[in-house]
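Worth saying up front: this structure is predicted, and the values here are computed from it rather than measured.
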Amino acid sequence: MKKSILAFYMFFVFTASAQDDKVHLISLESENNIAIDSGFYIDSIYDGRQVKESIGTVYKLFKEKVPANFKKPFIDELRSLFTVLYPKNETKKPISVRINELYITETSANTDTRRKELASATVVLDIIEKGVDGKEYILGTYFSTREDTKSDVTKLHPALIIAAIKNTFENYRNSKQVYQSPIPFDQEEPINIKNSKITEGVYLNYKDVFNQHALSLDNYSINKYKEGFCLTNKRTGRVETAFYGFSDGQNFYINLFQFSTVRYYLKTEIMNDLYFIDEVYESNLDFGGYYATYGGMIGGAGGALAMNLMYNGDNSSELKKIPLILERFNGTPTFLSDKYMLRILESNKELLKEYKKTQRTPVDKKFYYKRMFGIKKAPHLRGLFYLLGLIKNAFGYFFFKAFKFFSASILVLKLPTHTLYMGVLKTIVASISLFSFLKSVNVFFEFSLSPLNI
């Protein structure tokens, strides 16, 4: 009886602990933070991250990954730190920074002696200064990664983040090079999310891709590396791993940053509001980090996604590949696993039947995903094709409803033709905005059959 009570108590404690540890909170306040002798102070801080849900992931109970965040709001936490490290002084130069990436990771370390974990913190930021015209310009991009190994590394992250930040600004202080053509920066500039064309250039940030602010590609060389590509600075010979991506005028190559265990760029195909990556090696992706950050949005495979992908029972030693889709605006991923493909094709029996006859290769998955959603290399058509699919599926139902009420309007209520036309027009507009033709039918009823029109 005592053992049962003890077991129940331990289960309750572990469960409560797991509930409390859904998010790991980090504070950068430390007695070791002191002012650094520098010729600048931080004036403004801009959050340019695409992934704002967290600052990374850490291991918790039973080696489950949970998202990590600062205790304070992102900008407030950094401002508190910068005020101490780089205090304002009228004799110093004011600079502003845009944080493109700031994240931590935890992985199992490769060691033969004992089980350890590897913690890392990465910071990528742009240095912004005002020009003689009073406008702000990005002069350079600087980055740093700091790592440490221990049996439990979670408590090391605050110190690693601070060390990475310090090193990033140290790189800026010691750098003799700035961009030959500084990039104009306007925090208030709206994001042109409708833009699907990416011109040749190197892009620092996901917003810059939409607004077409880029460095010249002439200063860099593109080299094939494994299944990806590297970008090398022609002047310094340095391999650049801190940019969001680049375009050679034909294709766009993207950096997966915190969700990838390798540091190179993957070739994408731009399809409306999506980046489509033909295939990535599963071993190079942090599935636990993806799931902890995005939860059930990563293709509907749930928490067992990594297990389903990595251990599919074919006993093959060949590295597994999987297509990956990223939403261009918020970076939300979708993995085209076989289970996910079967699930989304359930509503189209014909496509499902065809897909089951294939080898279910990455090429097959991509082909049937595009067919399912009517995706083509043309801008802004995804919603239209989605709407047409709904219209097709609901046509039978709508026909009888529409016939009934249109007949009532014409024969019984004797509505003016103008009223009918306006009702139809408003129905079409509502169907596009609501992405539901059935819901928009009510618009016709309310407009054409309201007491004011009868």
Side-chain angles (χ1 to χ4, degrees), residues 46-52 56 96-103 105 120-128 137-145 164-165 167-169 171-172 175 177-185 189 191 195 197-270 275 277 280 284 324 326 328-331 333:
Y46 305 109
D47 186 359
R49 299 172 301 151
Q50 184 174 35
V51 180
K52 293 182 171 65
S96 297
V97 295
R98 177 176 69 173
I99 310 296
N100 295 327
E101 297 288 339
L102 191 158
Y103 60 86
T105 62
S120 70
T122 298
V123 176
V124 181
L125 56 83
D126 298 324
I127 298 296
I128 302 170
Y137 294 88
I138 297 175
L139 301 185
T141 301
Y142 302 89
F143 70 97
S144 176
T145 296
I165 289 174
N167 188 248
T168 301
F169 284 111
N171 293 338
Y172 160 65
S175 176
Q177 296 181 349
V178 295
Y179 294 141
Q180 292 180 341
S181 299
I183 298 178
F185 176 78
E189 180 183 17
I191 303 177
N195 179 36
K197 183 179 180 181
I198 304 179
T199 57
E200 178 181 296
V202 178
Y203 295 88
L204 314 181
N205 179 279
Y206 81 101
K207 293 182 180 179
D208 297 339
V209 179
F210 287 103
N211 294 337
Q212 290 297 276
H213 299 313
L215 301 171
S216 173
L217 190 61
D218 295 340
N219 300 321
Y220 303 89
S221 61
I222 304 171
N223 305 293
K224 187 75 174 72
Y225 182 74
K226 296 184 178 180
E227 76 270 25
F229 295 82
C230 289
L231 195 66
T232 305
N233 191 310
K234 291 181 179 179
R235 289 187 295 169
T236 64
R238 184 178 66 186
V239 177
E240 304 285 3
T241 60
F243 297 133
Y244 179 78
F246 62 89
S247 171
D248 58 9
Q250 299 295 324
N251 300 288
F252 184 69
Y253 304 80
I254 195 170
N255 190 339
L256 296 184
F257 285 111
Q258 63 174 297
F259 300 117
S260 176
T261 59
V262 295
R263 289 292 175 264
Y264 45 74
Y265 301 83
L266 296 174
K267 181 179 177 181
T268 73
E269 178 183 352
I270 299 174
Y275 292 124
I277 302 173
V280 293
N284 292 340
L324 171 61
L326 298 172
R328 294 182 60 207
F329 181 71
N330 57 27

Apply the test side-chain contact (heavy atoms from CB on, under 4.5 Å) to residues L266 and E227: give CA-CA distance (whole Å), side-chain angles for both, the deciding distance (0.1 Å), then the verdict. CA-CA 7 Å; L266 296 174; E227 76 270 25; 4.1 Å; yes

So do the side chains of [X] and [Y] get within less than 4.5 Å of each other, counting heavy atoms only?
{"X": "L256", "Y": "L326", "result": "yes"}
{"X": "F257", "Y": "T122", "result": "no"}
{"X": "Y206", "Y": "R328", "result": "no"}
{"X": "T105", "Y": "S120", "result": "yes"}

Kindly give the heavy-atom pair with the smallest separation between [X] and [Y], and that separation in Å.
{"X": "R235", "Y": "V178", "value": "NH2-O, 3.9 Å"}
{"X": "V209", "Y": "Y275", "value": "CG1-OH, 3.6 Å"}
{"X": "A214", "Y": "G201", "value": "CB-CA, 4.0 Å"}
{"X": "Y179", "Y": "I138", "value": "CD1-O, 3.8 Å"}
{"X": "F329", "Y": "Q50", "value": "O-NE2, 3.2 Å"}
{"X": "L215", "Y": "S181", "value": "CD2-O, 4.5 Å"}

Any chance you could measure [X], atom [atom1], to [Y], atom [atom2], to the nearest 0.5 Å?
{"X": "N233", "Y": "R238", "atom1": "CG", "atom2": "CZ", "value": "6.5 Å"}
{"X": "R98", "Y": "R49", "atom1": "CZ", "atom2": "CZ", "value": "13.0 Å"}
{"X": "I198", "Y": "Q250", "atom1": "CD1", "atom2": "CD", "value": "12.5 Å"}
{"X": "E101", "Y": "N205", "atom1": "CD", "atom2": "CG", "value": "8.5 Å"}
{"X": "I254", "Y": "T268", "atom1": "CD1", "atom2": "OG1", "value": "6.5 Å"}
{"X": "I270", "Y": "K197", "atom1": "CD1", "atom2": "NZ", "value": "11.5 Å"}

Between the side chain of [X] and the main-chain N/O of [Y], is any donor-acceptor distance below 3.5 Å?
{"X": "N171", "Y": "F143", "result": "yes"}
{"X": "E200", "Y": "L217", "result": "no"}
{"X": "K234", "Y": "S221", "result": "no"}
{"X": "N255", "Y": "F243", "result": "yes"}

From CA spacing to verdict: side-chain contact (heavy atoms from CB on, under 4.5 Å), I127, Y142: CA-CA 8 Å; I127 298 296; Y142 302 89; 3.6 Å; yes

Apply side-chain contact (heavy atoms from CB on, under 4.5 Å) to residues I222 and L231 and explain how you reach the verdict. CA-CA 5 Å; I222 304 171; L231 195 66; 4.0 Å; yes

Walk me through whether T232 and N223 qualify under side-chain hydrogen bond (donor to acceptor under 3.5 Å, both in side chains). CA-CA 8 Å; T232 305; N223 305 293; 3.1 Å; yes

Take D248 and Y253 through the side-chain hydrogen bond (donor to acceptor under 3.5 Å, both in side chains) test and state the conclusion after the steps. CA-CA 8 Å; D248 58 9; Y253 304 80; 2.9 Å; yes

Do the two ring centres, one from F246 and one from F229, sit under 6.0 Å apart?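 Between F246 and F229, the centre distance exceeds or equals 6.0 Å.
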
Can you list the steps and then say if I128 with Y46 is a side-chain contact (heavy atoms from CB on, under 4.5 Å)? CA-CA 10 Å; I128 302 170; Y46 305 109; 4.0 Å; yes

